Amino acid sequence: SDDSAAGSSTEKKSVTLGFVNGATTEFHTCLQKAIESEASTEGAKVITANSKQDPAAELSNIEDMISRNVSALIVQTVNVDALKNDIAKAKSANIPIFMTSVITSDTTDILGAVVVDLKALGALDAGWIAKDAGSAEVEAGVIAGAPGAASDLMSAGFTGALPANVKVVANQPGMFNRAKAQDVAENMIQAHPDLKYAFVANEDMAFGAYQAFQAAGKDVKIVTANGTDAGLAAVKDGKFSATVANSATDIGQLAVKNTLTLLNEGQADKIANIKISLITKDNLSEAPKYCLA
Amino acid sequence: MTAPGTEVVRARGISKSFGGAVALRDVSLDLIPGEVHALMGMNGAGKSTLVRILSGAQNADDGVLEIGGTAAGPMTARKARKLGIATVPQRRELVMTLTVAENIMLGDLPTRTSLVRWNLIGKLARQALRDLGIDVDVNALAGDLTVAEQTMVEVAREVRRGGRVLILDEPTACLGAEAAAQIHALVRRLCESGVAVVFISHHISEVLALADRITVLRDGRVVWSGLAKETDETDLVRSMVGRDVVSTRPSRKSDKSVTGLKIESLADGRFIENLTVEVRKGEVVAVLGPAGDAQSRLFDLLSGRRRPERGHLEVAGKRIPFGKVARSLDSGLRCVTGDRRRLGLIPELTVDENLMLARDRLDRRRLHRRDRLARRAAPLRDDYRVVTLSPNPPVGLLSGGNQQKVLLAKWLGTEPVACLLEDPTNGVDIAAMADIHTLVDALATNGVAVLLASSDADEVMRLADRVVVVRDGRAIAEYDIDRITRDELVAVALGGAIS
Amino acid sequence: MTTTLTAPVATRRRVLPRGFAHGGLLLVLVAIVVFAGLRTDSFLSTNNLLNVLRQVSVVAVIAAGLTLLMTAGGMDFSMGGNVAVTTAVAAQMFAHGQSIWLTIVAAILLATVIGLVNGVVVTFTGVAPFVATLATATLLDGVALLVINGLSVSIDDQLSPLGIGKTFGLPHLLIVAIVVLAVIAFVMRYTTFGRDAFAIGGNEDVARLSGINVSRDKLLLYGLAGALSGLAGIMLLARLGASSPGTGGLQLQLTAVAAVVIGGTSLAGGKGTVLGTVLGVLLLGVVANVLNLLQINSYYQQISVGAVLLIAAIANLLQRRRH
Amino acid sequence: MTTTLTAPVATRRRVLPRGFAHGGLLLVLVAIVVFAGLRTDSFLSTNNLLNVLRQVSVVAVIAAGLTLLMTAGGMDFSMGGNVAVTTAVAAQMFAHGQSIWLTIVAAILLATVIGLVNGVVVTFTGVAPFVATLATATLLDGVALLVINGLSVSIDDQLSPLGIGKTFGLPHLLIVAIVVLAVIAFVMRYTTFGRDAFAIGGNEDVARLSGINVSRDKLLLYGLAGALSGLAGIMLLARLGASSPGTGGLQLQLTAVAAVVIGGTSLAGGKGTVLGTVLGVLLLGVVANVLNLLQINSYYQQISVGAVLLIAAIANLLQRRRH
Ligand SMILES: Nc1ncnc2c1ncn2[C@@H]1O[C@H](COP(=O)(O)OP(=O)(O)OP(=O)(O)O)[C@@H](O)[C@H]1O
Ligand SMILES: Nc1ncnc2c1ncn2[C@@H]1O[C@H](COP(=O)(O)OP(=O)(O)OP(=O)(O)O)[C@@H](O)[C@H]1O
Ligand SMILES: [Mg+2]
Ligand SMILES: [Mg+2]
């Protein structure tokens, strides 16, 4: 059976990576695809599990991985702090943990991480608005994700980087759900008909917001994040003014690469920052691939 | 205990109305230890409402209750129980998901160091049943019992709990002769020990034989109250109904050569073993046996609710498969249950809808128009004299007897070819009983084959042309009704031998 | 715990004008509307009100089917999952170049079949409806993800006439919802099939013995719930222009269930009105809208929705009890 | 829709040994265990089995309380929300340097109060339990977010003796769960309070007329459900070492409800066993574990969980019916 391979992690050939994914959104799907494809390129096996945004399920998944004796664990976490327990557990079983997207405050016990600077991501979008608005007094709205660290970091980064002449008049949660985001956008434009800009925490929601603004007959400039094919097309069509590419594929591929390198005690950044870039109509070609086919 | 001769309960000026409709007005009632106090009156007269007020299940709008000489204030069920008032309500109130033993001991489970003593529960429950001469498995689920058995269990429960007042609301309405006799004996015994018993029944002879004192209600008012020995059947009927009621057996002359309903070698593996009964068109045949015997199980099999192990069923010469409600109905067979709450009516639906429930489905009506429904239902309401306080209330709010009338009307208004009537006058007043008997006569005259499964000997004598006696699930004898006397009939029903 | 049909209530209700049964709910709704109207100008603008109505259209269609089904004592907890699968399949069909009508018909057919499967399980195995459909809900959520492979599938503007179109100023989505609600209300009040649902919900045994084909009716009811989920799926797809992970599913289901039960339809069956459901749907929609307009902090939003639901449920009962 | 207790079933069941009522469920569970044992070595390792048991401990505690409550005809859909609030409050108290015991006591007290509030609403306003607690569930999820301000609040290893400690090889979390289950099973069978719960669930009016203090019992039952949610919250906090958005909540609630109803406890009340609930909890835990071990794609995992639930529910019923 396939477990025998996992048993002997010392041999380089039969490295088995465990990947614990955090949810089933597009980002997570693409991340997993990238990890699976990169691993197969590198000749490693991957076994995966999904925590579906439930911290308790994440812990269970990690425990299950440990009992399968994987060589290393890559975790796209639901809950950063709960990971401390997991890390302790994995450490006592001699299984190193590698993290994606976010990290614990104390990084001594982890193997490494690939992270996205979510604050900087928000700030990039804010920067575009600052430039576009010039010195005009304008209103902006934020359609955040689900209440929680990731979403809060993004909107804090965005809000914090805005110049004084851009006023955030509304900040409402879209729950990373397109339908909800569309409702919120519809309501927001009613309350603030003079809205000029909207920061939407991901492209899926941004499409919903775009529909809402269109229907209301308002020309609100949308800035968002991800850089999916559909998102880039929307930037090209002018539906979105800008998006910040934080490629799930880049994160996944780098995570596998670094995990394997660090396992073999090779040279790699322990905490690698993924490159994020502001994509507008002018630099569409610079966008990295977001998702593997 | 209160000294004999002084009232243990004095109710004065009790009034109660439901949303403007008056159910009781200015009713007074005295209960005296050692006496059986019968409440009589037509369906909807307010008997149950009065006893519900006494037992704390409902609150009066007006009036005072004095119990044991002191004013009781607002009553609750718990308080009534504490004051020693035990009640068997008209509607069977058991926890159907619990066993008989637990139901009997409910609210009073024996414990030791606060742990429930299961063995003792079984023993006490068995004892309570044995004291009343009842044979029911204490480990059976209450929901699996027949209505008669449930009644007995409930009486056993209330008697076991004891108290100085016992209220029995139509305890004998669906009981066979044997069980009723047990209840009578029990009531007498309790009276001797100083309990005040309230007894409600529509059977005048039963009341006259049992009661010391009688109060008659009509339209929520006391119209007569006095000692039982000061009155007689005719007077009682007059005060209850306001007129004389006569119900005599007509001579039904119809051609009785064609078979209308034929049950052959029926067996359900539990209660019925090889039962064969044939009913000709225009004939009323009664199935009779000790309570709990085959007759109370026929409904399930004939209606298609349950499949028997073996047997044939024919309606007007056509074979009907078992277990198929639609086929059974198409053939013109109508089965009227004795358990109207569980298998007869839908309490939330209105009277009219219940009346037309089967009829409209048989007519394959697609649309439902309230005004037309009311028009279609009106003749049935009149024929069966369904009395309601408001125009068209949910049927669950009617008095028991009126519900029974709705049930009969629902089925007999659908042009039956053959029908099974299980306790058709269960809980109806004497006037309505006479009406229903006349309606059954009319059915027979019109050539319907009627199979009667009644536990009431008088009713069997009044209606049946022929009696089939069943014992242990088999038909053991058959009599034409003019060959047998009422007393012999009762003897048979009690399981005795017959000359 | 078991609630008894307390008599006085029902008797009076007949006497009062219809709709009064929902007086409490109506009161809460009106209170919120007045409050919102005073606090923010934008609330009472035609545009905003139309927005709210369009937003609740999808939930309304699901809730309508659920009302009828629950009145018959049934329950379909998988309608949200069914919506997710339908949107996913329809989106993929569009992506593979199928025509609009074929796609719509196929999606609704599929949804009907899913509903029928629920119906078969509930009717012929006797598993409690809640249990059976909770299981299928889990299953369908997985299927939906599988169909779109965890990615967003866009349909461009193929359904935009439905999604954003208007006739005489009324959004098409709203019109569809109104038609569905009206039809269900009509069925419940004026057809034997609808009355059968009440009978089955009131006492299934009696219904069967009265000649109602209970099994067939149940299958039809579950099938109908499925079909309406399918329709809701198409509407949602039209509105969003894409199917993505998390579309439909449990959240949508819970909103619909909440709307229906707040509207007074009994979980035990035998009681239910479309009018109540409409009020329930509107209440939830208006509250979400008002919270957005008033710019309430997102944590307080959930709290407010919960509190309003609770108040509405209590108000509705107290009001009924007073009579 | 109402299912009738047909006579032969129930009478016969008494004759069979207890526990047999869950034969179908047991069969499915055993089948899965055997299958998993054959397909992957790691499944039957002590470590993995202990993992599974520790993983289900929190759900088991909630499910135990729910079993008793549902047997009495009640429902608490807000236990998951209660867990969320409890973990949030306890985490904040730790973060503010409160002592372990004070925190635990305060958290469980708070949870009990929340349960009692549910109880008061259900008992004294007559709102259907599902409706009332669905509303509080929404409310509590919001409160939990508010308490931790949408961020993860870590408690370091303050509760790790409970969270990862073992005695005689048994995880402490498991021991707590076993004790709770045993106590509830005992209460349900051997105390008047427990038997009264069956009576209330079977027929509340009869129970009241029999002199059972129904209102008090209901309050106690909801309070108990709350207290157990609090305990579950502490256990979850111990296990996770932090409270963060998404801890507890609706997902946990649905898992517990699924476990209880799969275990044969009736949504209508009057019937329920802790044994059934234990089997339900184990089934869900084992399936999740096995799907992970067998390396099933996550979309298929959801589908499989749904399918297994459905099969178990049907098997449980068919098996019972055969007798
Ligand atoms: N809860 C209630 N709501 C509305 N009307 C009621 C209610 N209870 C009883 N009634 C009405 O009050 C009247 C008296 O009913 P009650 O049950 O006391 O009659 P009864 O004398 O016991 O009749 P029966 O002999 O048929 O049992 C009836 O017309 C009945 O419909
Ligand atoms: N489940 C039952 N099936 C058949 N008959 C029953 C049943 N329960 C009670 N009865 C009998 O039916 C008659 C009336 O019972 P039912 O419960 O319909 O009365 P009700 O008038 O609604 O109750 P109440 O008078 O307490 O309001 C009584 O004679 C009683 O013995
Ligand atoms: Mg009565
Ligand atoms: Mg009555």
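Computed from a predicted structure; not experimentally measured.
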Check: Top residue by heavy-atom pair count (under 4.5 Å) with chain A, among D:Leu291, D:Asn51, D:Asn47?
Finding: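 Heavy-atom pair counts peak at D:Asn51.
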Next item on the list: Please determine, among D:Asn289, D:Val58, D:Ile148, D:Leu145, the option with the most heavy-atom pairs under 4.5 Å with chain A.
Entry: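 Sorted descending by pairs with chain A, the first entry is D:Asn289.
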As an exercise, state the distance from [atom1] of [X] to [atom2] of [Y], rounded to the nearest 0.5 Å.
X        : Y        : atom1 : atom2 : result
A:Asn69  : D:Asp41  : CG    : CG    : 12.0 Å
D:Asn48  : A:Ile66  : CG    : CD1   : 11.5 Å
D:Arg239 : A:Ser60  : CZ    : OG    : 4.0 Å
A:Lys52  : D:Gln302 : NZ    : CD    : 4.5 Å

Note to self: Atom CD of residue position A:Glu42 - does it have more than 12 heavy atoms of other residues, nucleotides or ligands inside 6.0 Å?
What the structure shows: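 Enclosed.
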Notebook entry, point to check: Would you say A:Glu63 and D:Gln55 make side-chain contact, with heavy atoms under 4.5 Å?
Noted result: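 Yes - at least one pair of side-chain heavy atoms lies under 4.5 Å apart.
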Next item on the list: Decide yes or no for A:Asn50 and D:Gln301: does some side-chain heavy atom of the first lie under 4.5 Å from some side-chain heavy atom of the second?
Entry: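 Heavy-atom side-chain distance check fails, nothing below 4.5 Å.
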Next item on the list: Could you pull out the closest heavy-atom pair between A:Pro55 and D:Leu240, with the gap in Å?
Entry: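 Scanning both residues, the minimum pair turns out to be O-CD2, 3.5 Å.
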Notebook entry, point to check: Any idea which heavy atoms bring D:Leu293 and A:Arg68 closest together, and the distance?
Noted result: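 Nearest pair, atom of D:Leu293 first, then A:Arg68: O-NH1, 2.7 Å.
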Next item on the list: Can you tell which part of D:Tyr299 gets under 4.5 Å to a heavy atom of chain A, answering side chain, backbone, both or neither?
Entry: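 Side chain of D:Tyr299 only, per the 4.5 Å heavy-atom cut-off to chain A.
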Check: Relative to chain A, which segment of D:Ala238 carries a heavy atom at a distance below 4.5 Å: side chain, backbone, both, or neither?
Finding: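 Contact with chain A: backbone only.
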Margin query: I'd like to verify something: which residue of A:Asn61, A:Val46, A:Asp64 has the highest number of heavy-atom pairs under 4.5 Å with chain D?
Written below: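 Highest number of heavy-atom pairs under 4.5 Å: A:Asp64.
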